[in-house]
Amino acid sequence: MKASTASSNFSQAVWLTTSSFSSFALALVSAAILSRYFDKAEYGTYKQILYVYATLQTVFAAGLPSVFTYFIPRLSDGQGKKLVNGVNRLFVILGLAFSVFLYLSSDLIAGILKNPELSVGLKIFSPFPLFTIPSLGVEGIYTALRKTKYIAIYQTANRLLMLLCIVLPVVVFKGTYRSAIIGWGFASFLTFIFAMVMKRRPYVKVKEELVPNMHKTIFNYSLPLVGASLVGMVLHSADQFFISRYYGQIVFADFSNGYIQIPFVGMIAGSVRSVLLPLFSKAESEGNLKEAFGIYNRAVFQSIKLIYPIVFFCLFFAGDIVILLYGAQYEVSKSYLRASLIRGVADVFPYLSVLLALGKSNVYLLVHLVFAVIIWLVDFIIVSLLLPPVSIALSSSLIQVSIAVSIFIYIKMRHGITLVPITLVKRMVIIGLHLSVIAGLLVIIREIFFPVSGPYLVLPLAGLLFYLMIILTGKMINVDYVGDIADKLKGVLK
């Protein structure tokens with residue numbers, strides 16, 4: 001029974017990872033194309049619009065998308081339908097408020113970021129949150145229902161539509177960033193229709209049932225997360241704000257194309273978190289956290305075996321990666337990419353699922369609040385000392401790692417739960433050293449035998465040799481990078 005449950009959890013994570021990968025890959029293709037058609041100033045303005053939208057979305061979403069993964073496993077189907085319909089109505093109100101706020105504040109935001117053209121772009125963009133906010137929550141519903149295969153289909157279709165609507169006006173009709181934004185809005189309207197269909201689908205033949213004190217229960221859960229969202233907005237917008245305001249949209253373009261999460265890193269970590277949250281929620285309600293932590297430990301180690309090889313390969317071949325994606329004009333982005341990859345060390349630990357299961361979302365809020373203040377102070381010092389902009393990216397990544405470490409310490413001290421056992425730390429160090437040696441050796445080989453070769457040749461060859469070598473030599477350190485995972489993938493695909 002336990003093996004079946006673990007396999008099922010792995011299957012859910014695989015489909016979520018597939019969904020995230022398709023989303024990221026299509027977004028990356030879009031960025032790669034637009035980087036080549038826009039100059040850096042125009043591309044920087046386009047990325048600033050998306051930065052403003054993503055920053056404010058965390059506030060106007062009000063923590064509600066996470067409601068589904070937490071409550072649906074605890075409710076009957078009829079109550080689940082009532083919950084989904086009720087939250088949808090709240091999303092419509094929040095989307096309207098978001099659109100009005102974005103239009104009215106566009107001049108102010110453009111002034112703060114010192115880019116007058118940004119005001120025009122934000123006004124064009126402002127109606128679209130009315131469609132995007134109500135589209136939220138599909139992933140949470142289908143994750144809670146353990147039907148993550150549909151999320152992969154939904155996300156892939158939506159991102160492909162978004163790619164076509166953004167890129168075609170630019171490539172075919174030689175449009176500007178404004179054309180790309182209008183295409184983005186058209187795609188968001190079609191996504192809205194698709195999302196409404198997906199949300200209704202699991203409950204078509206189900207009759208609504210009353211959820212006692214539904215709105216009070218929802219807001220008791222989500223309001224602390226709203227606070228966390230506000231703090232998260234302040235925390236995660238610091239690097240983009242300081243680079244945008246003090247270094248300009250051209251440097252912001254370099255930063256945006258470099259300070260990203262490589263495919264599979266954030267996706268694997270995010271998928272594991274999404275699967276473990278309803279699992280821990282149910283285990284906590286049944287008083288059976290011990291078995292859940294057994295699954296947690298296995299999930300973390302599998303994440304390390306998947307994520308760390310990607311992180312270390314990209315650290316050593318960052319220059320080739322950014323040139324391949326965006327062109328030689330963005331080679332400077334390699335420094336931002338390396339700084340971003342530092343976050344991967346802590347991303348393998350889904351501590352948020354544990355905190356929420358323990359009912360300690362307030363601790364999550366407090367820790368992020370403290371570090372939000374710290375990151376703004378650190379970044380202010382950096383710009384005051386006229387340090388290079390990559391220093392801001394580096395400080396942002398180190399803050400993310402520090403947040404994780406602080407929460408590990410809290411959970412250990414207050415609850416006696418060790419999220420990072422010493423045996424796991426030893427394995428992490430051994431794996432890190434092993435991967436560094438192999439990647440470093442390949443860099444030396446590249447410099448000797450392929451000094452002038454482009455990334456189109458270097459990356460496929462290096463990637464193939466890297467994985468071949470770590471698989472063969474992994475047996476020396478008792479690490480099977482692909483064995484267990486390959487077996488489970490076969491089960492998923494049957």
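Quick note: numbers below take in every heavy atom, side chains included, and nothing from hydrogens, waters or symmetry partners.
- Applying the 6.0 Å contact sphere to OH of Tyr103 captures no more than 12 heavy atoms from other residues, nucleotides or ligands.
- Ring orientation note: the planes of Phe255 and Tyr336 are nearly perpendicular, at an angle over 60° on the 30°/60° scale.
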Stepwise, does the side-chain contact (heavy atoms from CB on, under 4.5 Å) test hold for Leu136 with Phe91?
CA-CA 8 Å; Leu136 298 174; Phe91 276 146; 4.1 Å; yes
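- Between the side chains of Tyr177 and Glu117, at least one donor N or O lies within less than 3.5 Å of an accepting N or O.
- Residues forming a salt bridge (Lys or Arg N to Asp or Glu O under 4.0 Å) with Lys114 (at least two apart in sequence, or on another chain): none.
- Residues Leu387 and Ile381 form no side-chain contact, since every pair of their non-hydrogen atoms from C-beta on lies 4.5 Å or further apart.
- Aromatic rings from Phe125 and Phe128 are positioned such that their centres are separated by under 6.0 Å.
- The shortest distance between side-chain heavy atoms of Pro134 and Asn88 does not fall below 4.5 Å.
- Side-chain N/O atoms of Tyr53 and Gln57 include a donor and acceptor closer than 3.5 Å.
- Across Ile375 and Ala372, no two heavy atoms sit closer than the pair CG2-O, 3.1 Å.
- By the side-chain contact (heavy atoms from CB on, under 4.5 Å) test, Ser256 pairs with Lys47, Phe252, sequence neighbours left out.
- Shown here for Tyr247 and Pro388, the closest heavy-atom pair between the two residues is OH-C, 4.2 Å.
- In summary, the side chains of Glu139 and Gln155 do present a donor paired with an acceptor at a separation below 3.5 Å, with no hydrogens or angles considered.
- Between the side chains of Gln48 and Ser244, at least one donor N or O sits under 3.5 Å from an acceptor N or O.
- Separating the OG atom in Ser30 from the CG atom in Leu164 is a distance of 10.0 Å, to the nearest 0.5 Å.
- Between the OG atom of Ser105 and the CG atom of Leu56 there is a distance of 6.5 Å, given to the nearest 0.5 Å.
- When the shell of 6.0 Å around CZ of Arg200 is examined, it contains 12 or fewer heavy atoms from other residues, nucleotides or ligands.
- Closest approach of Tyr259 and Ser397 over heavy atoms only: OH-OG, 2.9 Å.
- Within the 4.5 Å cutoff, no side-chain heavy atoms of Phe192 are placed close to those of Thr132.
- Neither side chain, Asn257 nor Ser333, offers a donor N or O lying under 3.5 Å from an acceptor on the other.
- Residues Val138 and Lys199 are in side-chain contact: their nearest non-hydrogen atoms beyond the backbone lie under 4.5 Å apart.
- A donor-acceptor pair under 3.5 Å is absent between the side-chain atoms of Lys123 and the main chain of Leu102, judged by distance alone.
- The minimum heavy-atom distance between Tyr154 and Ser135, with the atom names listed, is OH-O, 3.8 Å.
- Using a 4.5 Å heavy-atom threshold, the side chains of Ser126 and Phe98 count as separate.
- Note that the CG atom of Leu104 and the CG atom of Leu122 stand 12.0 Å from one another [nearest 0.5 Å].
- Between Gln240 and Arg245 there is no side-chain heavy-atom pair separated by less than 4.5 Å.
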Lys334 vs Asp320, test: salt bridge (charged side-chain N to carboxylate O under 4.0 Å, His left out). Steps then yes/no.
CA-CA 8 Å; Lys334 65 184 179 183; Asp320 293 294; over 6 Å; no
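- Between Phe312 and Phe316, a ring centre-to-centre spacing not shorter than 6.0 Å is recorded.
- The two atoms that bring Val170 and Thr176 nearest to each other are CG2-O, 4.0 Å, heavy atoms only.
- Relative orientation of the Phe189 and Phe131 rings is perpendicular, given thresholds of 30° and 60° on the angle between their planes.
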How far apart are the C-alpha atoms of Leu168 and Phe173, what are their side-chain angles, what is the distance that settles it, and do they pass the side-chain contact (heavy atoms from CB on, under 4.5 Å) test?
CA-CA 7 Å; Leu168 285 180; Phe173 303 107; 5.8 Å; no
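- Of the possible polar contacts, one joining the Tyr142 side chain to the Met198 backbone as a donor-acceptor pair under 3.5 Å is found.
- Looking at Ile182 and Phe186, their side chains never come closer than 4.5 Å, going by heavy atoms from C-beta outward.
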Determine, step by step, whether Val52 and Leu113 satisfy the side-chain contact (heavy atoms from CB on, under 4.5 Å) criterion, reporting the C-alpha distance in whole Å, the side-chain angles of both residues, the deciding distance to 0.1 Å, and the verdict.
CA-CA 10 Å; Val52 171; Leu113 297 182; 4.2 Å; yes
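- Residue Phe38 comes nearest to Ala180 through the heavy atom pair CZ-CB, 4.4 Å, listed as atom of the first residue, atom of the second, then distance.
- Between atom CG of residue Leu130 and atom CG of residue Leu94 there is a gap of 11.0 Å, rounded to the nearest 0.5 Å.
- A donor and an acceptor atom, one from each side chain of Ser303 and Tyr308, are nowhere located under 3.5 Å apart.
- With Ser396 contributing its side chain and Ala393 its backbone, the two residues share no donor-acceptor pair below 3.5 Å.
- Counted within 6.0 Å of OH on Tyr410, heavy atoms from surrounding residues, nucleotides or ligands total more than 12; the atom is thus considered enclosed.
- For the atom pair CD of Gln249 and OG1 of Thr45, the computed distance is 4.5 Å after rounding to the nearest 0.5 Å.
- In summary, the side chains of Asp39 and Tyr43 do not present any donor paired with an acceptor at a separation below 3.5 Å, with no hydrogens or angles considered.
- Two residues are said to be in side-chain contact when any heavy atoms from C-beta on lie closer than 4.5 Å; Ile124 and Ile49 fail this criterion.
- Of the possible donor and acceptor atoms, one in the side chain of Tyr51 sits under 3.5 Å from a partner among the backbone N and O of Ser237.
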Would Val92 and Ile133 satisfy side-chain contact (heavy atoms from CB on, under 4.5 Å), going step by step from the backbone distance to the final call?
CA-CA 7 Å; Val92 171; Ile133 295 296; over 6 Å; no
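- Separating the CD1 atom in Ile392 from the CD1 atom in Ile243 is a distance of 5.0 Å, to the nearest 0.5 Å.
- Ring pair His368/Tyr364 is tilted by interplanar angle, where 30° to 60° counts as tilted.
- A distance of 6.0 Å or more separates the ring centres of Tyr467 and Tyr481.
- A ring-centre distance under 6.0 Å is not found for Trp376 and Phe371.
- Side-chain atoms of Arg159 and Thr156 form no donor-acceptor pair, as typed in the model, at a separation below 3.5 Å.
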